[in-house]
Amino acid sequence: QVQLVESGGGLVQAGGSLRLSCAASGRTFSSYAMGWFRQAPGKEREFVSVISWSGASTYYADSVKGRFTVSRDNAKNTVYLQMYSLEPEDTAVYYCAAATLPTGATLPAGASWDYWGQGTQVTVSS
């Protein structure tokens, strides 16, 4: 069992930056790939980014590529999402999630998202 708690959301002006954190409980954090998703009002939840268990591989949605950076600190059981050049279209509830990879599967499409956090609101004003 893994419990995930996001923090760091808030209100920021367009062009600004925020860093989200996701703290995980449990001793097996380092065995999971960790991802970020977001859901804007009236829209479906969408993939934002994922980082492999070791941190060696990262993937991003095209909409955030070059502006967002995902990282993790396995010693602290924490994954981060650094967001730069924020746009009003980035306004959403951001969720972190923990994934396992079935044998033969690869990130990001093959991830099985097993655990989810409760989300943190990010609002970008124009």
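In what follows, every heavy atom counts, from backbone to side chain, and hydrogens, waters and symmetry copies are set aside. We count residues from 1, following the sequence as given. Worth saying up front: this structure is predicted, and the values here are computed from it rather than measured.
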- Task: Please say whether more than 12 non-hydrogen atoms of neighbouring residues, nucleotides or ligands are located less than 6.0 Å from NZ in K65.
- Result: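 Yes, NZ of K65 has more than 12 neighbouring heavy atoms, counting only those of other groups under 6.0 Å.
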- Query: Are more than 12 heavy atoms from other residues, nucleotides or ligands located less than 6.0 Å from atom CD of Q118?
  - Reply: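 Yes, enclosed.
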Heavy-atom donor-acceptor pair, [X] side chain to [Y] backbone, under 3.5 Å:
{"X": "T120", "Y": "S7", "value": "no"}
{"X": "S52", "Y": "S57", "value": "yes"}
{"X": "E6", "Y": "G119", "value": "yes"}

- Message: To the nearest 0.5 Å, what is the distance between CG on L101 and OG on S112?
- Response: 8.5 Å
- Item | Nearest-0.5 Å distance, CG of residue L4 to OH of residue Y32 | 9.5 Å
- Message: Whether R72 engages the ring of W53 as a cation-pi pair (distance to the six-membered ring centre under 6.0 angstrom, angle to the ring normal within 45°) should be assessed.
- Response: no
Taking the side chain as every heavy atom from C-beta outward, state whether [X] and [Y] have any atom pair closer than 4.5 Å.
{"X": "L81", "Y": "V79", "result": "no"}
{"X": "Y59", "Y": "V70", "result": "no"}
{"X": "V2", "Y": "T28", "result": "yes"}

- Positive for side chain to side chain contact (heavy atoms under 4.5 Å, CB included) with R38, one of T91, V64, L20: V64
- Item | Derivation of the side-chain contact (heavy atoms from CB on, under 4.5 Å) call for C96 and W36 | CA-CA 4 Å; C96 73; W36 289 94; 3.9 Å; yes
- Task: Tell me whether the centres of the aromatic rings in W116 and F37 are closer together than 6.0 Å.
- Result: yes
- Message: Between S85 and E87, is there a side-chain donor-acceptor contact under 3.5 Å, judged purely by atom types and distance?
- Response: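 Per modelled atom types, E87 and S85 side chains form no pair under 3.5 Å.
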- Indicate whether any N or O donor in one side chain lies under 3.5 Å from an N or O acceptor in the other, for T78 and D73.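 Not at all, the side chains of T78 and D73 share no donor-acceptor pair under 3.5 Å.
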- Item | Joint hydrophobic cluster, W113 plus I51, side-chain heavy atoms closer than 4.5 Å |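 In one cluster with W113: I51, no.
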- Item | Joint cluster assignment, Y94 & V124, ILVMFWY side-chain distance < 4.5 Å | yes
